[in-house]
Amino acid sequence: MPRRLITELQPQAPVDQVFLATRKQLRPNRNGVLYLQVELADRSGSITGRLWNASEADFEAFDDGDYVRVEGNTQLYSGSLQVILTHVERADPRSVDEADFLVLTPADVARLEGELRGILDTVAAPPLRALVAELLADGPLMAAFARCPAGVKHHHAHAGGLLAHVVNLLRLADRVAPLYPGLDRDLLLVGVFVHDIGKTVELESAKGFSYTDEGQLLGHVLLGLDLVEAKIRNIEARTGTPFDAEAALRVKHMIASHHGQYEFGAPKLPMTLEAVALHHLDHMDATLAGTMQLLQAEASIEGGWTQYQQAHGRRFFRGRT
């Protein structure tokens, strides 16, 4: 059977091929019987797989980040396509073509890293420029930044997703700032750069995508605040001069408020012009990227509409051509 991308899978179709396994869990159903749930991914997206009547041995048979060969059948459930598994086993990575699983190639990542540095190099305000330089000089941090997803499910959920998300926001900020003379462009660019930087600690991205202990207990907002504060202290220790207090406060406020609303996990509401702009740009990019991902995931389903998306409370019109 030729390999099919996840976006090419049809409902009620047999599946026998290799995927990248992430976020595996062993769960009890309502009757206490265990089942295995795992996210199966390729370069086109991800799909949930479930193995009923699973055992501890099934759970231990592979790790997050492994390539696995699965057998089963697709089915629609609550508007989403899933795979009901009959077999899953670790695959030999030497038999896998990694191009089937990379949304961004190494060349793509290098290009995005160059664009990130190029835009940030235009930051002129001395304290903000110093903070950018301190962050960019941290090799392990920037390696994690280039590897990390922006999320594990809803948008930019792939290796390099955080980098792609931030570069797109930098492009948007660079175009929006001149339209609003009251916006501090330097501050907005730095806020874009650091708003999700805590995800480099929140998410484990070396093998699959999952939350670290720090991520589960603190979350990327608090982790980002700690990281930026540590970099500011490093600058002060190296230069022997205090960092501009208001600049530090404004940058931290953008991290704390970028989710925009308390119910979305923001400790504070946006209270500066740059924080308001960052929230709306971030929300727009995440929403559009997530919706595009959803439309792509259902590209093989017939008809002009997606299935009803419970999380969104609606269906989406893909068009009939």
Side-chain angles (χ1 to χ4, degrees), residues 104 108-138 141-142 145-146 148 150-151 155-156 160-200 220-221 224-225 227-229 231-232 235 243-261 264-292:
L104 297 174
D108 293 329
V109 171
R111 174 181 54 78
L112 287 168
E113 287 181 308
E115 188 172 355
L116 175 90
R117 291 174 181 270
I119 295 174
L120 291 175
D121 192 48
T122 66
V123 172
L128 298 176
R129 189 171 180 84
L131 178 58
V132 167
E134 186 74 21
L135 291 162
L136 292 177
D138 187 333
L141 171 65
M142 294 313 299
F145 194 94
C148 190
H155 75 95
H156 299 92
L162 177 60
L163 176 63
H165 174 53
V166 168
V167 168
N168 212 36
L169 285 181
L170 287 171
R171 295 167 182 157
L172 289 168
D174 196 32
R175 287 160 176 78
V176 165
L179 303 177
Y180 300 92
L183 265 177
D184 185 320
R185 176 183 177 275
D186 283 356
L187 192 56
L188 180 58
L189 291 180
V190 174
V192 165
F193 179 34
V194 301
H195 80 286
D196 272 347
I197 204 163
K199 289 185 176 180
T200 59
H220 72 275
V221 171
L225 289 169
L227 198 157
V228 166
E229 175 63 21
K231 295 304 181 186
I232 288 172
I235 294 169
F243 193 89
D244 185 281
E246 184 171 323
L249 186 61
R250 286 177 174 268
V251 170
K252 291 176 188 176
H253 175 65
M254 284 190 281
I255 296 174
S257 65
H258 75 269
H259 285 167
Q261 299 179 47
F264 294 156
K268 300 299 291 184
L269 300 180
M271 289 183 273
T272 66
L273 198 57
E274 295 75 23
V276 171
L278 171 60
H279 162 62
H280 286 288
L281 293 175
D282 181 42
H283 181 70
M284 180 179 72
D285 188 57
T287 301
L288 286 175
T291 305
M292 290 168 64

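- The CG atom of L169 sits 6.5 Å away from the CG atom of L281 when rounded to the nearest 0.5 Å.
- Annotation for S257 and A275: closest pair OG-CB, 3.5 Å, computed over non-hydrogen atoms.
- At least one side-chain heavy atom of T200 sits under 4.5 Å from a side-chain heavy atom of L227.
- With contacts defined as side-chain heavy-atom distances shorter than 4.5 Å, the pair I232/K252 qualifies.
- Nearest heavy-atom pair, V109 versus A146, reported as atom, atom and distance to 0.1 Å: CG1-CB, 4.0 Å.
- Note that CD1 of I235 is 11.5 Å distant from CG of D244, once rounded to the nearest 0.5 Å.
- At least one side-chain heavy atom of L135 sits under 4.5 Å from a side-chain heavy atom of F193.
- Put simply, the side chain of D186 gets close to the backbone of A125: a donor and an acceptor are under 3.5 Å apart.
- At distances below 3.5 Å, at least one donor-acceptor pair connects side-chain atoms of H279 with backbone N or O atoms of H258.
- Within the 4.5 Å cutoff, no side-chain heavy atoms of H195 are placed close to those of M254.
- For the pair L128/V132, no side-chain contact is recorded, criterion being any heavy-atom separation below 4.5 Å from C-beta on.
- Between I197 and L141 the shortest side-chain heavy-atom distance falls below 4.5 Å.
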For L188 and D184, what are the C-alpha separation, side-chain angles and deciding distance, and is it a side chain to side chain contact (heavy atoms under 4.5 Å, CB included)?
CA-CA 6 Å; L188 180 58; D184 185 320; over 6 Å; no
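- Of the possible polar contacts, one joining the T122 side chain to the I119 backbone as a donor-acceptor pair under 3.5 Å is found.
- When only modelled atom types and interatomic distance are considered, H259 and D282 share no side-chain donor-acceptor pair under 3.5 Å.
- For the atom pair I255 CD1 and R250 CZ, the distance stands at 14.5 Å (nearest 0.5 Å).
- A donor-acceptor pair under 3.5 Å is formed between the side chain of R129 and the backbone N or O of V123.
- Counting all heavy atoms, side chain and backbone alike, A266 lies closest to G260 at CB-N, 3.8 Å.
- Partner of V192 under the side chain to side chain contact (heavy atoms under 4.5 Å, CB included) criterion, out of V167, L278, L172: L278 alone.
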Worked verdict on L162 versus H220 for side chain to side chain contact (heavy atoms under 4.5 Å, CB included)
CA-CA 12 Å; L162 177 60; H220 72 275; over 6 Å; no
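- Counting only heavy atoms from C-beta outward, the side chains of E115 and R171 approach each other to under 4.5 Å.
- Put simply, CG on D196 and NE2 on H165 are 5.0 Å apart, with the number rounded to the nearest 0.5 Å.
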E113 and R117: CA distance, side-chain angles, deciding distance, salt bridge (Lys or Arg N to Asp or Glu O under 4.0 Å) verdict:
CA-CA 6 Å; E113 287 181 308; R117 291 174 181 270; 6.0 Å; no
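- Contact record, P267 with A256: CD-O, 2.8 Å, taken as the closest heavy-atom pair.
- Under a 4.0 Å N-O distance rule, the pair D138/K231 qualifies as a salt bridge.
- Looking only at side-chain heavy atoms (C-beta outward), L131 and F243 come within less than 4.5 Å of each other.
- The local environment of CE in M271 is crowded, with over 12 non-hydrogen atoms from other residues, nucleotides or ligands closer than 6.0 Å.
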